[in-house]
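Residue numbers start from 1 in every chain, and the chains themselves are labelled A, B, ... in the order their sequence lines are given, proteins ahead of strands.
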2 protein chains.
Amino acid sequence: MSSVARAEASKSEVSRQRILDAAAKTFRDKGYVATRLQDIAEAAGLRAGSIYYHFASKEQILEAVFEIGTRRLRGSVSDAVDALPASATHRERIFTAAHSHLSTLLAQGDYTSANIRNFGQIPEEIQIRHREQRRVYEQDWRDLLENARAAGEIHADADLRVLRLFLLGGLNWAIEWYREGGPVGIDAIAETCCRSLFDGIAG
Amino acid sequence: MSSVARAEASKSEVSRQRILDAAAKTFRDKGYVATRLQDIAEAAGLRAGSIYYHFASKEQILEAVFEIGTRRLRGSVSDAVDALPASATHRERIFTAAHSHLSTLLAQGDYTSANIRNFGQIPEEIQIRHREQRRVYEQDWRDLLENARAAGEIHADADLRVLRLFLLGGLNWAIEWYREGGPVGIDAIAETCCRSLFDGIAG
DNA sequence: GTCTATAGGCTGATAGAC
DNA sequence: GTCTATCAGCCTATAGAC
């Protein structure tokens with residue numbers, strides 16, 4: 001009976017999800033162009049031709065992965081910051097946001113890191129279509145930093161744009177070197193980066 | 001007469017150089033896999049087939065670009081730091097290194113940025129072959145930071161590994177957003193990042 | 001929904017003329 | 001040294017059976 005307001009996902013949705021998961025992982029690891037439909041199909045447990053029942057083209061898979069990646073990132077960070085008590089300092093908010101950003105990137109699936117790693121090298125048309133979505137997330141960060149400065153928690157003459165790009169860039173870069181089970185955990189990275197940036201490393 | 005101890009480059013060397021320049025730029029912009037021999041040939045002013053007089057394969061072009069990229073980066077940074085007076089503080093050394101790193105990345109050709117942008121997504125075999133070269137450059141940075149800490153210019157309990165990866169990552173990330181003639185220059189970026197990291201941004 | 005089979009286009013690489 | 005011509009292989013996408 002299809003009228004059960006379906007409590008569980010349809011077969012189609014399950015496959016679609018498997019394809020997206022596999023694509024995100026492979027895009028992240030090898031890059032979009034180097035990824036073959038066959039790679040995605042193998043990892044998703046079906047044949048390459050079957051993908052076209054769910055997606056019209058390889059590009060559409062990329063766009064879906066990107067869309068999910070940015071949405072999840074923004075969602076995680078927003079949720080984490082919103083969960084803080086109203087009494088939280090701006091510094092605490094920024095730390096929480098940074099931690100959530102890093103955690104989403106490194107531990108919560110490949111959509112976000114696939115997005116970040118491939119964005120600069122994909123066809124311009126697709127970049128343009130997804131730039132707006134990115135801008136929204138960046139705006140969240142602008143607000144975080146500006147509010148902190150307005151409250152006097154960041155000194156008045158700081159260049160917030162470069163600061164934002166530097167902080168997020170340094171965190172994003174962890175994609176290139178972080179390994180699960182390695183010498184440093186996600187908490188420690190977020191902690192070190194934020195504390196260093198706020199308090200300085202000078203002895 | 002070929003015995004003039006050749007003051008100018010041979011025709012072959014000129015073409016080889018043109019190919020490498022074109023390849024570095026295209027690898028940087030579109031990525032290694034998405035770059036066609038034809039793209040390189042067009043930018044270098046010859047036909048795709050002619051490339052094989054100079055290189056045995058596309059992979060060999062990549063390896064040459066990588067080798068040059070890392071060598072130039074290390075050379076620039078070393079030269080800049082060595083040019084400082086012996087009286088320079090460790091902080092000045094680190095700033096100079098950061099500035100030179102950034103400058104090489106953003107203003108001095110595409111070899112270094114092609115390397116940095118593609119490294120994580122190329123075949124593992126090539127990664128391994130070039131990892132040693134990278135390690136040498138990273139060691140330069142380890143030394144810079146450790147010397148600074150030993151001299152008391154970085155506080156004693158700092159996690160230098162994460163700090164190094166954070167700083168270099170934040171600088172490397174500028175590849176993704178820096179535009180020549182944009183609102184912020186290279187000097188300003190290096191200055192903001194280093195000063196923020198050393199002195200902190202807390203108000 | 002997923003399969004197999006294959007069309008159609010592109011690209012890295014080679015061969016031989018000049 | 002560089003060209004043209006071409007081969008061989010691969011990969012996206014489609015068609016039709018089940």
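dT4(D) atom P lies 16 Å from atom OH of Tyr52(B), rounded to whole Å. With rounding to whole Å, Tyr53(A) atom OH is found 18 Å from dA17(D) atom P. Atom-to-atom, CD of Gln38(B) to P of dG9(C) comes out at 16 Å; the value is rounded to the nearest Å. The distance from atom CD1 of Ile51(B) to atom P of dT11(C) is 13 Å, rounded to the nearest whole Å. A straight line from CG of Leu37(B) to P of dT2(D) spans 15 Å, rounded to a whole angstrom. In this structure, the CZ atom of Phe55(A) is 12 Å from the P atom of dT2(C), given to the nearest Å. Taking atom CZ of residue Arg18(B) and atom P of nucleotide dT2(D), one finds them 9 Å apart after rounding to whole Å. Between Ile40(B) atom CD1 and dT2(D) atom P there is a gap of 15 Å when expressed in whole angstrom units.
Classified by interplanar angle (parallel below 30°, tilted 30° to 60°, perpendicular above 60°), the ring pair His99(A)/Phe95(A) is tilted. Note: Phe27(B) and Tyr32(B) have perpendicular aromatic rings, judged against thresholds of 30 and 60 degrees for the angle between ring planes.
The side chain of Lys58(B) lies closest to dG12(C) when the candidates are dA13(D), dT2(C), dG12(C). For Ser57(B), whose side chain is taken as the heavy atoms from C-beta onward, the closest listed nucleotide among dA13(C), dT2(D), dT11(C) is dA13(C).
A ring-centre distance under 6.0 Å is not found for His90(A) and Phe198(A).
Closest-nucleotide positions on DNA chain D for Ala48(B) and Ser12(B) were compared, and the one nearer the 5' end corresponds to Ser12(B).
Note on Glu146(A) versus Arg142(A): no salt bridge recorded, every NZ/NE/NH1/NH2 to OD/OE distance being 4.0 Å or above. Glu138(B) and Arg134(B) are not joined by a salt bridge, as no carboxylate oxygen comes within less than 4.0 angstrom of a charged side-chain nitrogen.
For Ser50(B) and dC3(D), the shortest distance from a side-chain N or O to OP1 or OP2 is below 4.0 Å. Residue Arg47(A) places no side-chain N or O under 4.0 Å from the OP1 or OP2 atom of dT2(C). Between dG1(D) and Ser15(B), no contact under 4.0 Å exists linking OP1 or OP2 to a side-chain N or O.
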